[in-house]
Protein chains: 2
Amino acid sequence: MKRLGRTERLRAGQTFRWEDDEVAVVGTLRVGALKIGASLSDGREQILGLVLPGDFVGRLSATGAAHRVTAAVDSTLCVFRRSRFADFVHCNPELEHALLDRAFAELARARDRMLLLGRKTAGERVASLLLELAERSGIPHGGRIALPLTRGEMADLLGLTIETVSRKITALQRAGTVALPDPRGAIVRDREALRIAAFA
Amino acid sequence: MKRLGRTERLRAGQTFRWEDDEVAVVGTLRVGALKIGASLSDGREQILGLVLPGDFVGRLSATGAAHRVTAAVDSTLCVFRRSRFADFVHCNPELEHALLDRAFAELARARDRMLLLGRKTAGERVASLLLELAERSGIPHGGRIALPLTRGEMADLLGLTIETVSRKITALQRAGTVALPDPRGAIVRDREALRIAAFA
DNA sequence: CGCAGCCTTGATATTTGTCAAACAGAGTGG
DNA sequence: CCACTCTGTTTGACAAATATCAAGGCTGCG
C-alpha cells in the first residue's frame, strides 16, 4: 500500500490537534498510546478509550463529535489530511467496509466499557483493565506488561479514584494474581484468576 | 425508496431474534422502543443504549458482537435479511457512507453514556436521562414525555438501583424541575434547571 | 541535597446499595 | 362491585462500597 500520510510525534501529555492548519485529519497509531477523553465543566474527567499501536484514530464522520485525544506516553502516528483520505477511500470501496468493521469493533469495546462502568465493582474494574492490557499487548503469559497509564489515568478510565485503583491493584498483588515490578509494569501470574476477578 | 423489508412486531419484553431462520438481519424501528442490553453471568444487567423510532438496529458487521435487543414496550420494526441488505448497500455506495455516519453518531452517544456512568452522580444521571428522553422525543416544553422504561430499566441504563432512581426522580419533582403525572410519564417544568441538574 | 510527581496506606465521611414494608393501579374472578 | 393478586413504585432504616482527607514514601532530577 502506498504511503500517503506524514509521520507525527506526540510527547506524553500533548493533545492531538484535529484542525492542524486547515483541515481535519485521521491517522493510525504506530507506537505509544493515546487516550480519548471527555470531561465535565467542573473538572471531572473520563477516559473513553485507549488507542494502542495499530489502531485507527480519527474523526471519520464530519458529524461525529470530536473528542480530545491525548498522548499517554510518547507516541508516533501516521496522519492524513481528511480530504485526501476521503478520496482514497472513495477509490477503494473495500477500505470503507473495513473501516465500518473497525468502527463496530470500537463500538463493541465501548459497550463492554459501559457494562464495566455501570455494573462492575472496583476490584472487577481494575482486573478487567489489566486483563485488557495483557490481551491487547499480546505479551505471553508471565511477561511484563507495560502500563501506558498512571494510576490517575486508570482511575479516569475506570470511573474510580486514584486511591481505590491503588488499593485494588495491591489487593490483586497480595492475592498472587499479578506482580508489580514497578508502578508502570505488571506481570500476570495467574491469568485464569485474573479473568475470574475481572468478570463476575 | 423501494421497500425491501418485512414488518415485524415485538411485544414488550420480547427479545429480538437475530438468527431468524437462517441468517442474521438488520432493521429500522418504526414505533415503540428497544433496549440494547448486556449482562454479567451473575445477573447484573446493563442497558447499553435505547433504540427509538427512526433509529437503525442491527449487527452491521459480521465481526461485531451481537448484543441482546429487547422491546421495552410494544414495538414494530422493519427488518431485512442481512444478505439482501448487503447487496443493496453494495449497489448504493452513498448508503454505506450514511451507515458509517450513523455508526459514529451511535458511538458518540455511547461515549456520552460512558462519561455519565463513570463520572456523574446519581442525581445527574437521572436528570440526564430525562433530558435525553425529552430531547429525543421532540416533545415541546411543558408536554408530557412518555417514559418507555420502568424504574428498574432506568436503573439498568444508569448503573443505579431502582430505589436510587426513584429517590432522585422524586427529588427532581420536589425541586419543581419536573412533574410526574404517572410513573410512565414526565413533564419538564424547567428545562434549564434540568440541564443544570444533568450536567455539573 | 531537596524538590516534584506519583504511589501507597490509613482514618473518616459520604454516597449509594440492601433489606423491608407499605402503597397504587391494572387486571381477574367471584 | 368487590376482594385479590400481581407488578411496579415509593419510602425508611441500615449496611457496605467507595470517596475524601491526610500523611508518608519512593524515584528521578536539577
Interatomic distance where [atom1] belongs to [X] and [atom2] belongs to [N] [whole Å]:
{"X": "A:Leu180", "N": "C:dC6", "atom1": "CG", "atom2": "P", "answer": "18 Å"}
{"X": "A:Gln173", "N": "C:dT8", "atom1": "CD", "atom2": "C1'", "answer": "11 Å"}
{"X": "A:Arg184", "N": "D:dC26", "atom1": "CZ", "atom2": "C1'", "answer": "15 Å"}
{"X": "A:Glu124", "N": "D:dT18", "atom1": "CD", "atom2": "C1'", "answer": "14 Å"}
{"X": "A:Ile162", "N": "D:dT18", "atom1": "CD1", "atom2": "P", "answer": "17 Å"}
{"X": "B:Leu147", "N": "D:dG8", "atom1": "CG", "atom2": "P", "answer": "15 Å"}
{"X": "A:Arg151", "N": "D:dT27", "atom1": "CZ", "atom2": "P", "answer": "14 Å"}
{"X": "A:Asp182", "N": "C:dT8", "atom1": "CG", "atom2": "C1'", "answer": "15 Å"}

Legend entry - N-O pairing of B:Asp42 and A:Arg119 below 4.0 Å: no
Inset, instruction - Decide if atom CZ of B:Arg9 counts as having more than 12 heavy atoms of other residues, nucleotides or ligands within a radius under 6.0 Å. - result: no
Legend entry - A:Arg189, CZ: over 12 other non-hydrogen atoms inside 6.0 angstrom: no
Identify all pairs in which a protein N or O lies below 3.5 Å from an N or O of nucleotides 16-25 of chain C, and state each distance.
{"residue": "C:dT16", "atom": "OP1", "partner": "B:Ala122", "partner atom": "N", "Å": "2.9"}
{"residue": "C:dG17", "atom": "OP2", "partner": "B:Thr161", "partner atom": "N", "Å": "3.4"}
{"residue": "C:dG17", "atom": "OP2", "partner": "B:Thr161", "partner atom": "OG1", "Å": "3.3"}
{"residue": "C:dG17", "atom": "OP2", "partner": "B:Thr164", "partner atom": "OG1", "Å": "2.6"}
{"residue": "C:dT18", "atom": "O4", "partner": "B:Arg167", "partner atom": "NH2", "Å": "2.9"}
{"residue": "C:dC19", "atom": "N4", "partner": "B:Glu163", "partner atom": "OE2", "Å": "2.9"}

Inset, instruction - Apply side-chain hydrogen bond (donor to acceptor under 3.5 Å, both in side chains) to A:Thr7 and A:Arg30, showing your working. - result: CA-CA 9 Å; A:Thr7 297; A:Arg30 294 231 182 283; 5.3 Å; no
Legend entry - For A:Leu147 against A:Pro183, the heavy-atom pair lying closest together: CD1-O, 3.8 Å
Inset, instruction - Check every atom of D:dG8, D:dT11, C:dC7 against the side chain of B:Thr150 and return the nucleotide holding the closest atom. - result: D:dG8
Inset, instruction - For A:Lys35, check salt bridge (Lys or Arg N to Asp or Glu O under 4.0 Å) against everything at least two apart and list the hits. - result: A:Glu153
